[in-house]
> 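Attaching a single structure in structure tokens format; questions to follow.
Residue numbers begin at 1 in each chain, while the letters A, B, ... track the order of the sequences. FYI, side chains are in, hydrogens and waters are out, and symmetry mates aren't considered; it's all heavy atoms of this structure.
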Amino acid sequence: MAEQENGATAEQTAAKMKAEEEGMRVMVAIDESDGSLYALSWTLDHFMAASSTLAQPRSLIVFHAQQPFQQFVVPAGQGVFVSASVTDSMRKAQEENSAHVLAKAIKVCEERNVIAEALVMDGEPKEMICQAVQQKSVDLVVVGSRGLGKFKRAFLGSVSDYVAHHAKCPVVIVKPPKEDH
Amino acid sequence: MAAAAEKTPMMVVVGIDDSEHSYYAIQWVISNFLSVHGTFKLAIIHAQPSPAYAVGLSGTVGFFGAGTADALPYVESDLTKISSRVIDKAKELCSANSVKDVVYEVIEGDPRNILPEAVEKYHADVLVVGSHGYGAIKRAVLGSVSDHCAHHAHCSVMIVKNPKPKH
């Protein structure tokens with residue numbers, strides 16, 4: 001009797017979860033690191049692969065945060081000044097960089113016949129990722145484990161750590177494939 | 001590059017405790033993750049707290065005081081009962097979802113060690129944990145088991161957060 005009840009509850013939960021699963025929105029955070037591209041491939045293979053066989057389609061967002069642009073001082077000869085043209089070209093370089101990063105990511109998606117939405121936000125990556133989760137009603141966020149750090153695999157990058165704690169949806173931290181041990 | 005080689009079964013280890021977060025995590029993984037990947041194997045691991053740990057919370061000197069040692073056998077049997085219940089519930093969830101290839105294990109000790117070890121033992125591709133670790137009492141003391149696992153497990157880590165509002 002108790003077992004039947006529990007069984008029913010389990011099935012109800014399953015049904016509810018399937019309903020919620022409608023149009024599951026998955027977001028992968030990308031930076032320039034190989035780790036995040038691997039995280040994207042991983043997501044494509046494990047969450048999007050059989051998307052066509054699922055009852056509800058899943059959507060993918062490729063997300064990139066542009067670091068807040070900091071004005072910096074350029075020492076030049078007699079004085080120290082910030083040139084407007086330097087600022088502009090820095091910003092332009094940054095935007096080109098973001099475009100390049102996203103283009104790479106979209107290409108990876110296309111190779112697997114997945115259409116992804118690209119999203120760029122200005123700000124600290126860890127905060128922006130969590131904000132994007134809220135704003136875009138993301139159901140699952142995927143991050144690489146280390147980003148641009150060159151530490152061993154045991155180390156967890158600050159962005160992934162922050163997102164693991166603060167994102168309001170399930171988080172996957174994708175670690176690079178085992179190379180050495 | 002063909003992804004056809006990807007047909008080796010994916011090994012998923014799920015760490016659970018006696019909390020709604022854990023059962024939610026199991027259900028979430030089954031509904032959203034395993035349903036996509038064709039072949040998989042599942043290992044559901046329950047880390048049973050050791051009695052001394054559960055009773056003394058190693059460090060709260062004087063709180064339980066004398067008689068702690070006497071309490072241990074009772075605590076142990078309680079913990080064992082809880083573990084059975086946890087595993088039973090996990091089994092129900094799996095069978096309700098027709099999930100077949102599952103191993104269930106109860107291991108006594110600290111989940112922060114047990115789960116990364118289980119990852120090694122089962123050669124897991126993914127470790128799944130619920131979001132707030134291990135029960136109301138220990139949440140304050142342990143910090144985040146899921147955080148520890150994210151740092152130390154040698155595989156990808158999935159932290160399933162229960163969207164229910166906290167009270």
Side-chain angles (χ1 to χ4, degrees), chain A residues 2-4 6-21 24 26 38-39 41-51 53-55 58 111-112 139-145 153-156 160-161 163-178 181, chain B residues 1 3 5-6 10 12 20 23-38 40 85 88-99 116 119-120 123 125-132 143-144 146-163 165:
Chain A
E3 245 177 53
Q4 270 174 7
N6 283 340
T9 314
E11 263 153 14
Q12 278 166 12
T13 321
K16 189 172 142 224
M17 207 158 296
K18 287 222 158 76
E20 281 171 62
E21 197 199 323
M24 184 187 189
V26 181
Y38 179 74
S41 303
W42 190 95
T43 307
L44 289 165
D45 289 338
H46 299 309
F47 271 94
M48 311 300 292
S51 199
T53 67
L54 292 170
R58 292 181 170 180
E111 279 165 10
R112 287 172 171 77
D139 299 308
L140 175 73
V141 64
V142 183
V143 292
S145 60
R153 220 175 338 111
F155 179 81
L156 189 69
S160 7
D161 189 56
V163 172
H165 281 287
H166 294 93
K168 299 251 190 298
C169 71
V171 178
V172 181
I173 299 170
V174 178
K175 307 227 173 160
K178 295 181 208 217
H181 216 285
Chain B
M1 217 165 26
E6 185 90 64
M10 162 163 274
V12 180
E20 285 309 311
Y23 306 122
Y24 181 86
I26 294 176
Q27 186 60 65
W28 193 95
V29 166
I30 291 174
S31 302
N32 296 313
F33 185 55
L34 302 183
S35 53
V36 172
H37 206 272
F40 59 87
R85 196 178 70 213
D88 283 344
K89 260 184 118 163
K91 283 183 178 166
E92 278 165 30
L93 274 174
C94 289
S95 64
N97 287 277
S98 312
V99 175
V119 162
E120 296 297 306
H123 305 292
D125 298 303
V126 184
L127 171 66
V128 181
V129 289
S131 72
H132 277 288
S144 177
S146 52
D147 180 59
H148 186 91
C149 289
H151 281 262
H152 295 276
H154 288 174
C155 68
S156 299
V157 177
M158 196 175 292
I159 302 171
V160 180
K161 303 201 182 194
N162 190 334

> Is there a side-chain contact between Met158(B) and Ile173(A), using heavy atoms and a 4.5 Å cut-off?
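With C-beta onward as the side chain, the pair stays apart.
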> Against chain B, label Val143(A) side chain, backbone, both or neither, depending on which of its atoms sit under 4.5 Å from a heavy atom there.
neither
> Between Trp28(B) and Phe47(A), how do the two ring planes meet: parallel, tilted or perpendicular, split at 30° and 60°?
tilted
> For Asp125(B) and His46(A), what are the C-alpha separation, side-chain angles and deciding distance, and is it a side chain to side chain donor-acceptor pair (under 3.5 Å)?
CA-CA 11 Å; Asp125(B) 298 303; His46(A) 299 309; over 6 Å; no
> Has Lys161(B) got a side-chain atom pairing as donor or acceptor with Ala164(A)'s backbone, closer than 3.5 angstrom?
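Yes, Lys161(B) side chain to Ala164(A) backbone: donor-acceptor pair under 3.5 Å.
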> Would you give the length of the straight line joining atom CG of Asp139(A) to atom CG of Asn32(B), rounded to the nearest 0.5 angstrom?
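Reported to 0.5 Å precision, the distance equals 8.0 Å.
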> Against chain A, label Val126(B) side chain, backbone, both or neither, depending on which of its atoms sit under 4.5 Å from a heavy atom there.
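Interface part for Val126(B): side chain.
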> Given side-chain contact (heavy atoms from CB on, under 4.5 Å), test Asp161(A) with Asp147(B) step by step and report yes or no.
CA-CA 7 Å; Asp161(A) 189 56; Asp147(B) 180 59; 2.7 Å; yes
> Can you see which heavy atom on Ser156(B) is nearest to which on Lys175(A), and at what distance?
OG-N, 3.1 Å
